[in-house]
Amino acid sequence: MVQRVREVLIFLFLALFAKANGSEKPNHWGRSESVRLPPPPPPLTQEENASYCLSWRLAVEANNVRAWRTVPVQCLRYVETYMIGGQYEKDVALIVDQILSYAGGIVVSGDGLDAWVFDVDDTCISNVFYYKGKRYGCDPYDPSGFRAWAIRGGCPAVPGMLDLFNKLVDMGFKIFLVTGRDEENLGQPTIDNLHNQGFQTYERLILRTAAYKGQSAVTYKSDIRNQLVKQGYRIWGNVGDQWSDLQGECLGNRTFKLPNPMYFVP
């Protein structure tokens, strides 16, 4: 009898110990058995972080990652290094070469209706210094903060884009700048900023008016391009840093996307 009580106590002790140190799941006999949970994985090394962030940026540029709100925190240094360490400029330079190669094969008609469409923010002029203060996109978007920045008119030209702009003008193309900046608050500061950076010989700067308030970038820019086509313009190329610049209707003969891992515009 004593031996039997001892066996029961030992069994209960082991059962309680197993429950406290693991979780139960049915085994292949239909009984419950104790399973020890695996320990959490160790944090990523610096090299593993860089590898992940490279994959993340590639997915962003390929539009496989969509509607993202902020840059992953572990990618802050990666995005910073990409934007100001030289690779961004090299990537833009390669795209500019592709644009000029394509444009050089177009026979401009001379009737003044051969057109190119350019976005403004981070296509013509750069907000990299603003986003430096936002941890290169790791912090949430702040509309009032960005408006205050844009009013200052301190955006430098995106490397290589002014040269591209001037060469297309010299080839005989009419350049239309289409931006989501609102006309009422940012119209004159945007004009001043573009002019002080050398973007002066464009055909027209088109800003978002009250009629387009609340509309997505795709809807708004599609309508603007549709108006240009109805006016007789032939859109040979369309350049932007967001996929929403390059989606929708009347896109033009070819689109070219500049890299931008700092923010996403739907």
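Residue numbers start at 1 and run along the sequence shown. Worth saying up front: this structure is predicted, and the values here are computed from it rather than measured.
- Using cut-offs of 30° and 60° for the angle between ring planes, the His195 and Tyr202 rings count as tilted.
- In this structure, the side chains of Cys124 and Leu194 come closer than 4.5 Å at one or more pairs of heavy atoms.
- Under the 4.5 Å side-chain heavy-atom criterion for ILVMFWY residues, a single connected hydrophobic cluster contains both Val120 and Val96.
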With side-chain contact (heavy atoms from CB on, under 4.5 Å) as the criterion, how do Thr70 and Cys138 come out once you've worked through the C-alpha distance, each side chain's angles and the decisive distance to 0.1 Å? CA-CA 5 Å; Thr70 57; Cys138 290; 5.6 Å; no

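- For the pair Phe165/Val169, a side-chain contact is recorded, criterion being any heavy-atom separation below 4.5 Å from C-beta on.
- Taking the six-membered ring where the residue is Trp, Tyr102 and Phe256 present tilted rings, their angle falling between 30° and 60°.
- Residues Asn64 and Leu58 fail the side-chain proximity criterion, which asks for heavy atoms closer than 4.5 Å.
- In summary, the side chains of Trp116 and Asn238 do not present any donor paired with an acceptor at a separation below 3.5 Å, with no hydrogens or angles considered.
- Linking ILVMFWY residues whenever their side-chain heavy atoms come closer than 4.5 Å, directly or via other members, leaves Phe176 and Ile191 in distinct clusters.
- Asp192 and Gln188 are linked by a side-chain donor-acceptor pair at a separation below 3.5 angstrom, with hydrogens and angles left out of the test.
- Geometrically, Arg57 does not engage Tyr78 in a cation-pi contact, judged by NZ or CZ lying under 6.0 Å from the ring centre and within 45° of the ring axis.
- Between the side chains of Thr219 and Ser216, at least one donor N or O lies within less than 3.5 Å of an accepting N or O.
- Between Thr123 and Asp121, the side chains place no donor N or O within less than 3.5 Å of an acceptor N or O (distance only, hydrogens not considered).
- Side-chain polar atoms of Asp182 and Asn185 form a donor-acceptor pair below 3.5 angstrom.
- Both Met83 and Trp56 belong to a single network of hydrophobic side chains, linked directly or stepwise wherever heavy atoms of I, L, V, M, F, W or Y lie under 4.5 Å apart.
- Salt-bridge formation is detected for the pair Asp142/Lys134: a Lys NZ or Arg NE/NH1/NH2 atom is positioned less than 4.0 Å from an Asp or Glu carboxylate oxygen.
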Does the pair Phe199 and Phe118 meet the rule for a ring pair (Phe, Tyr, Trp, His ring centres under 6.0 Å), with working shown? CA-CA 11 Å; Phe199 295 92; Phe118 277 63; 8.0 Å; no

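- Residues Val239 and Val108 share a single hydrophobic cluster, defined by chaining ILVMFWY side chains whose heavy atoms lie under 4.5 Å apart.
- For the pair Pro259 and Asp91, the minimum side-chain heavy-atom distance is below 4.5 Å.
- Between Tyr130 and the choices Tyr136, Phe146, Tyr263, the ring pair (Phe, Tyr, Trp, His ring centres under 6.0 Å) rule is met once, by Phe146.
- Seen from the ring of Tyr141, Arg69 does not count as a face-on cation partner, given the 6.0 Å and 45° thresholds.
- Less than 2.5 angstrom separates the SG atom of Cys75 from that of Cys53.
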Begin from the C-alpha positions of Arg225 and Leu251 and carry the test side-chain contact (heavy atoms from CB on, under 4.5 Å) through to its verdict. CA-CA 7 Å; Arg225 292 190 301 265; Leu251 294 174; 3.2 Å; yes

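- By the 4.0 Å N-to-carboxylate-O rule, Asp245 lies too far from Lys257 to be salt-bridged with it.
- Cluster annotation: Val265 and Tyr131 are assigned to the same hydrophobic cluster (Ile/Leu/Val/Met/Phe/Trp/Tyr, side-chain heavy-atom contacts under 4.5 Å, transitive).
- Counting only distance, with no hydrogens or angles, the side chain of Gln247 and the backbone of Val218 share no donor-acceptor pair below 3.5 Å.
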